[in-house]
Amino acid sequence: MKLDSQVIAQAALDLLDEVGLDGLTMRKVAAALDVQAPALYWHVKNKRELLDAMARTVFIAAIDGVEAPRRDETWQDWTIGLAARLRRSMLRYRDGANVLAGTYVEDEAMWRTVELTLRTLEDAGFTLPEAARVFPILLHYTVGFVIEEQARGGAEYDSNPYRPDRIETVLDPVRFPLTTKMVGDLFTADFDAEFDYGLRVILAGIVAARTEQAH
């Protein structure tokens with residue numbers, strides 16, 4: 001197999017389920033590729049560059065096939081769909097969101113996605129400065145949400161005392177009746193619904209902020 005940064009990045013991503021991001025080393029990636037570690041440094045100089053290459057792979061997979069909104073599709077639904085694609089791509093890998101956090105994706109597909117987002121928002125009536133603020137807000141929310149989702153979604157979550165069937169062990173319903181009543185909603189494990197609702201709240205806030213500034 002011919003080595004390049006993409007091959008190395010995919011091998012590293014495939015290792016995450018086994019070792020996690022904290023346990024990932026250049027030596028382990030090299031072993032998975034059946035090469036010596038120095039061979040990797042021709043393509044990725046250090047772990048920082050490896051993470052950038054991994055993030056690029058995750059992001060490229062997320063935006064594969066993304067096109068402009070359909071004629072009957074709102075800009076809100078289109079941007080939510082884009083964020084949902086990125087979430088699904090990160091969830092394919094253990095610590096997938098932590099791979100993207102703080103990394104730099106340098107690829108033409110990245111710039112095409114940014115351009116398409118700016119164009120979509122501009123067509124919806126946003127000024128370019130307004131549109132430029134929306135993209136990082138959605139990106140940061142999505143990455144941050146999945147970091148929390150993956151942290152809560154492991155085997156350890158089975159013993160979570162906040163679960164409705166165990167909440168009596170930590171919560172006094174007499175002192176905290178409202179919290180007890182709503183604990184299933186406060187600490188939901190329905191990540192899909194929680195993610196979608198959060199995005200819609202953010203987008204509604206963006207619209208409200210634009211309206212307020214216009215007055």
Side-chain angles (χ1 to χ4, degrees), residues 4-6 9-10 13 21 44-93 95-151 190-215:
D4 58 28
S5 61
Q6 184 174 349
Q10 188 60 61
L13 288 167
L21 191 58
V44 287
K45 295 178 182 178
N46 48 48
K47 191 172 180 180
R48 176 75 270 164
E49 285 197 7
L50 174 62
L51 287 173
D52 286 345
M54 293 165 67
R56 175 185 177 277
T57 298
V58 173
F59 189 85
I60 295 289
I63 61 176
D64 182 44
V66 169
E67 298 295 343
R70 301 184 305 273
R71 185 180 299 272
D72 60 344
E73 188 175 20
T74 67
W75 68 268
Q76 290 97 328
D77 286 342
W78 185 85
T79 52
I80 287 172
L82 183 62
R85 280 171 166 266
L86 181 58
R87 173 176 170 247
R88 287 194 298 270
S89 190
M90 289 187 288
L91 286 174
R92 289 178 58 196
Y93 305 100
D95 297 331
N98 278 306
V99 168
L100 260 75
T103 54
Y104 295 94
V105 177
E106 187 176 346
D107 189 275
E108 183 174 334
M110 168 68 170
W111 308 126
R112 177 183 178 277
T113 303
V114 174
E115 184 76 14
L116 192 55
T117 303
L118 294 175
R119 180 67 64 191
T120 297
L121 294 172
E122 189 179 47
D123 289 346
F126 286 75
T127 66
L128 272 178
E130 289 172 338
R133 285 194 289 268
V134 173
F135 185 85
I137 289 172
L138 294 177
L139 178 63
H140 297 158
Y141 168 77
T142 302
V143 173
F145 183 95
V146 179
I147 287 175
E148 177 70 12
E149 179 178 5
Q150 291 187 313
D190 187 350
F191 295 116
D192 292 343
E194 188 179 340
F195 179 73
D196 184 81
Y197 182 76
L199 280 173
R200 294 188 184 279
V201 169
I202 289 171
L203 294 179
I206 289 170
V207 171
R210 293 185 66 234
T211 302
E212 182 179 333
Q213 289 174 357
H215 297 301

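With respect to Arg210 and Glu130, a salt bridge is recorded, a charged nitrogen being found less than 4.0 Å from a carboxylate O. Comment: Asp52 does not engage Lys45 in a salt bridge, judged by the lack of any side-chain N to carboxylate O separation of less than 4.0 angstrom.
By the 4.5 Å heavy-atom criterion applied to side chains, Leu118 and Val134 are not counted as neighbours. Here the side chains of Val105 and Val58 are not in contact, with every heavy-atom distance at 4.5 Å or above.
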Residue pair Thr74, Trp78: steps toward the side chain to side chain contact (heavy atoms under 4.5 Å, CB included) verdict: CA-CA 6 Å; Thr74 67; Trp78 185 85; over 6 Å; no
Please determine whether side chain to side chain contact (heavy atoms under 4.5 Å, CB included) holds for the pair Tyr93 and Val99, giving the CA-CA distance in whole Å, both sets of side-chain angles, and the decisive distance to 0.1 Å. CA-CA 9 Å; Tyr93 305 100; Val99 168; over 6 Å; no
Given Arg48 and Thr103, is the side chain to side chain contact (heavy atoms under 4.5 Å, CB included) satisfied, shown in steps? CA-CA 8 Å; Arg48 176 75 270 164; Thr103 54; 2.9 Å; yes
Check against side chain to side chain contact (heavy atoms under 4.5 Å, CB included), Leu128 and Glu122: CA-CA 6 Å; Leu128 272 178; Glu122 189 179 47; 3.7 Å; yes
Quick one, Asp123 with Arg119, criterion salt bridge (charged side-chain N to carboxylate O under 4.0 Å, His left out). Give me CA distance, side-chain angles, the key distance, then yes/no. CA-CA 6 Å; Asp123 289 346; Arg119 180 67 64 191; 5.1 Å; no
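Not a single donor-acceptor pair under 3.5 Å links the side chain of Glu194 to the backbone N or O of Phe191. No donor-acceptor pair closer than 3.5 Å links the side chain of Gln10 to the backbone N or O of Thr57. For Tyr141 (side chain) and Ala83 (main-chain N/O), no donor-acceptor pair under 3.5 Å exists by modelled atom type.
Distance check: Ile60 CD1 to Arg56 CZ gives 5.0 Å after rounding to the nearest 0.5 Å. Taking CG from Asn98 and CE from Met54, the interatomic distance works out to 10.5 Å, rounded to the nearest 0.5 Å. With rounding to the nearest 0.5 Å, the separation of OG1 in Thr120 from CD in Glu115 is 10.0 Å. To the nearest 0.5 angstrom, Met90 atom CE is 7.5 Å from Gln150 atom CD. In this structure, CD1 on Ile137 lies 11.5 Å from OG1 on Thr79, to the nearest 0.5 angstrom. Atom-to-atom distance recorded for Ile206:CD1 and Leu138:CG is 5.5 Å, nearest 0.5 angstrom.
Closest approach of Ala101 and Ile147 over heavy atoms only: CB-CD1, 4.1 Å. Heavy-atom minimum distance, Arg85 versus Asp64: NH1-O, 2.8 Å. Shortest non-hydrogen contact noted between Glu73 and Pro69 is OE1-CA, 3.4 Å. In this structure, Ser89 and Ala61 approach most closely via the heavy-atom pair OG-CB, 3.8 Å. Minimum interatomic distance between Ile63 and Ala109 (heavy atoms only, all atoms of both residues): CD1-O, 3.3 Å. Of all heavy-atom pairs between Ser5 and Val44, the closest is CB-CG1, 4.3 Å.
Identified under the ring-ring contact (aromatic ring centres under 6.0 Å, His included) test for residues 98-138, with sequence neighbours left out: Trp75-Phe126.
A cation-pi arrangement, defined by a distance under 6.0 Å to the six-membered ring centre and an angle within 45 degrees of its axis, is absent between Arg87 and Phe145.
Within 6.0 Å of atom CD in Glu106, 12 or fewer heavy atoms from other residues, nucleotides or ligands are found, so the atom counts as exposed in its surroundings. Counting heavy atoms of neighbouring residues, nucleotides and ligands inside a 6.0 Å radius, atom CZ of Arg92 does not exceed 12 of them.
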